[in-house]
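Worksheet: the structure to be examined is printed underneath.
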Number of protein chains: 2
Amino acid sequence: MSAPTVYDVAERSGVSIATVSRVYRNPDSVRAETRDRVLDAARSLGYVPSGNARGLASRTTGVLGLCFPDYADPDAETGAEAEAEAEADDSAVMLYSDQIIRGMERAARRHGYALLIAASLVGGPESLVAKVAGRVDGFAVLAKTVPTEDLEVISRRLPIVMLAGPREIDHLDHIEVANSDGERELARHLIRDHGLRRLAFVGGERESPDAQARFRGYQEACREAGLPVADEPDLRAEMMTQAEGERTADALLDRAAGRERPEAILFANDQMAIGALHALERRGVRVPDDIAVTGFDGIPLSRIVRPSLTTVRQPMRRLGEEAVGLLIHRLADPTRAPVSLMLPVSVTRRSSCGCG
Amino acid sequence: MSAPTVYDVAERSGVSIATVSRVYRNPDSVRAETRDRVLDAARSLGYVPSGNARGLASRTTGVLGLCFPDYADPDAETGAEAEAEAEADDSAVMLYSDQIIRGMERAARRHGYALLIAASLVGGPESLVAKVAGRVDGFAVLAKTVPTEDLEVISRRLPIVMLAGPREIDHLDHIEVANSDGERELARHLIRDHGLRRLAFVGGERESPDAQARFRGYQEACREAGLPVADEPDLRAEMMTQAEGERTADALLDRAAGRERPEAILFANDQMAIGALHALERRGVRVPDDIAVTGFDGIPLSRIVRPSLTTVRQPMRRLGEEAVGLLIHRLADPTRAPVSLMLPVSVTRRSSCGCG
DNA sequence: TTGAAAGCGCTAACAC
DNA sequence: GTGTTAGCGCTTTCAA
């Protein structure tokens, strides 16, 4: 059963292949009667136009791409019970990219594009990135997922927009989120509105530009308020997961045993903050009465947990939408100057800091 | 800047185009020295292999697809503040497909495939579905997203697996979830273990096969227990959203005013149940003391809300993984008999029914 | 409105 | 290990 082609459809409907092609590309340019004949023939043959052939001939794909980090080991066992656990924590972890995917998918669809997604995977010339690059009209890359070197090469052939994280390649379009501003606002709120003075910050790995920017915002707020300015987070987590949040919260309290413990812990993201909430509840430390806790991201869970989490809301979905916008623009005008957007964030005051 | 091709790379590195091709397809079949020359040339030219050309020549794409329903109007305004609201409710709504996407993406990656996703969109010959179909080696379709007629045609040219929902086309691979069994177990639990006898069921639209199957499970449990068997849900929601859950919960209580109200309300999904929790709290009706509430799906929020929600956990991510498995199998053996899987679900007992 | 012919950039046999 | 040569199935001029 080798797939029918334009030739088969043309023959069966008594027209030329050019006409068959027109029917799919621009139906109105074909007489209605002819068109119906072609469509009938196509249906009865089970004809599906080859995207590859179309793409090759027209030099476009109608597809946009997204490369995001590989959060979880794809080879991990997915045992029956193991899954329940895994899904629970990890669903929070991945919400971030889920939202971006969703935003991109929608915006892409609005422009008539489909979305090709692939988590990054190191590899030779045949890496997934290369595959994606060859199959799309342009794509977005989350920070730290593709070697800069590869992006350099690929970006010479098609539009790439870099998402979240510092601008690594300055001739590329780029979108980031006001991490530093957001954390500064948040810390200011804690200091000014709640009068807290002993703050602690739990960061992420040193390579996480987001976590670093948030820490800088925290530093600025401390400096402004005349509080001691740490030059390193009080603690760093490798994974920024709930589990790590629990661990770091425990560590922080243990460390403070006997001395005055912090009045607030600012976590570099929501997942950790939520993990910390569990740890604190377990230890009988009341939030926000005994200690305030804040996160960053504004994932849906943050408003559901008890106490609800004060956080900084990132417009993740909008990130995806803007990414598509930039790609579409650049596709239309490849010569325009590189654009760099900084998306605003907003502090969401809830119970865990003593508001709401 | 017309993109460089194998010819350019071949010329620049002094080899034939076949060798260039080999370097990307099967690096080990080329002498290391030659390979490096080719790779260098490619890098300096900014060469990216054309997925279209490769696909056309090799008759494969290395991409799997997923078509899912269009939950939200892509043309909807995404105003600054509007988004916060939208994201809140809708993040719950879409978790379902998010999980499937995630499961598919992972499994696909494990097999060296990328994933092309597109929400369904009605349209002429140029519908998104057609686009997807032409660009993948096989794809999965969520129930009710693509006209059966289209699937008939397309399935003659490439593997399709249908997800969730009854098997509409019997020569296709198909995966469903044990909706009926799950709801029956859940209702049994309420009846037997908690001794409840006045139950109410809130369903979804008549066209939702999942909601219907769940209702059937509910009916069976009633029948078994000698309780009155309704032949229609007590109430139906059009959207199965939190908002509808609130509305239906209110309606149910209003309707029962003066008479005995139900001892338990079983909702056809978690979102509605969670909405109902809000409504009940607002009205001062205690859950589970005054009334038990249950959902279906096992979305992450279900264990976070207070009281935590008793529900039936669907293995959504596994659905995605199994879908990839079926596609891979069928790709390897197109002649094998159609497979139909029924994924088991499990009742998760939590606070909202009086457990945990 | 429709047809004829020339590629699009690659892979796959098959030679060497 | 490497080169030659046909296509893969479509879109795109250019004519008619």
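Each chain gets a letter, A, B and so on, in the order the sequences are listed, and its residues count up from 1. Being a predicted model, the structure only gives us computed values, none of them experimental.
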Counting only heavy atoms not in A:Glu11, do more than 12 fall under 6.0 Å of its CD? no
Kindly check if the number of other-residue, nucleotide or ligand heavy atoms within 6.0 Å of NE2 (A:His111) is above 12? yes
Does a side-chain N or O of B:Tyr7 approach OP1 or OP2 of C:dG7 to a distance below 4.0 Å, or not? no
According to a strict under-4.0 Å criterion, is A:Ser16 in side-chain N/O contact with OP1 or OP2 of C:dG3? yes
Verdict with supporting geometry, A:Arg109 and A:Glu105, salt bridge (Lys or Arg N to Asp or Glu O under 4.0 Å): CA-CA 6 Å; A:Arg109 178 151 39 97; A:Glu105 194 282 325; 2.9 Å; yes
Which part of the nucleic acid, if any, lies within contact of A:Val20, taking any heavy atom under 4.0 Å across all strands shown: a base, the sugar-phosphate backbone alone, or nothing? nothing
A:Ser21 near the nucleic acid: base, sugar-phosphate alone, or nothing, with a heavy-atom cut-off under 4.0 Å? base
DNA chain D: B:Thr19 or B:Ala53, which has the more 5' nearest nucleotide? B:Thr19
Starting from the 5' end of DNA chain D, give me the residue, B:Arg59 or B:Val30, whose nearest nucleotide shows up first. B:Val30
Nearest to the side chain of [X], heavy atoms from C-beta on, is which of [options]?
| X | options | value |
| --- | --- | --- |
| B:Arg25 | C:dA4, D:dT11, C:dT11 | C:dT11 |
| A:Arg31 | C:dC10, D:dC10, C:dT2 | C:dT2 |
| A:Arg22 | C:dG3, D:dG3, D:dG1 | C:dG3 |
| B:Ala57 | C:dT11, D:dG3, C:dG3 | C:dT11 |
| A:Thr5 | D:dC10, C:dG3, C:dG9 | D:dC10 |

Find the distance [X]:[atom1] to [N]:[atom2] and express it as a whole number of Å.
| X | N | atom1 | atom2 | result |
| --- | --- | --- | --- | --- |
| B:Arg135 | D:dG9 | CZ | P | 15 Å |
| A:Glu11 | D:dG9 | CD | C1' | 15 Å |
| B:Arg35 | D:dT2 | CZ | C1' | 14 Å |
| A:Asp36 | C:dT2 | CG | P | 11 Å |
| A:Leu56 | C:dT11 | CG | C1' | 12 Å |
| B:Tyr47 | C:dC8 | OH | C1' | 13 Å |
| B:Lys131 | D:dC10 | NZ | P | 16 Å |
| B:Asn26 | C:dC10 | CG | P | 17 Å |

Looking at A:Asp40 and A:Arg37, is any side-chain nitrogen of the basic one under 4.0 Å from a carboxylate oxygen of the acidic one? no
Any chance you could measure B:Asp98, atom CG, to A:Ser97, atom OG, to the nearest 0.5 Å? 9.0 Å
Donor-acceptor pair (no angle test) under 3.5 Å: B:Tyr24 side chain, C:dC10 base: no
For the student: nearest non-hydrogen atoms of B:Asp8 and B:Ala3, plus distance: OD2-O, 4.3 Å
Please tell me which of B:Ile17 and A:Thr34 maps to the more 5' nucleotide of DNA chain C, matching each residue to the nucleotide holding its nearest heavy atom. A:Thr34
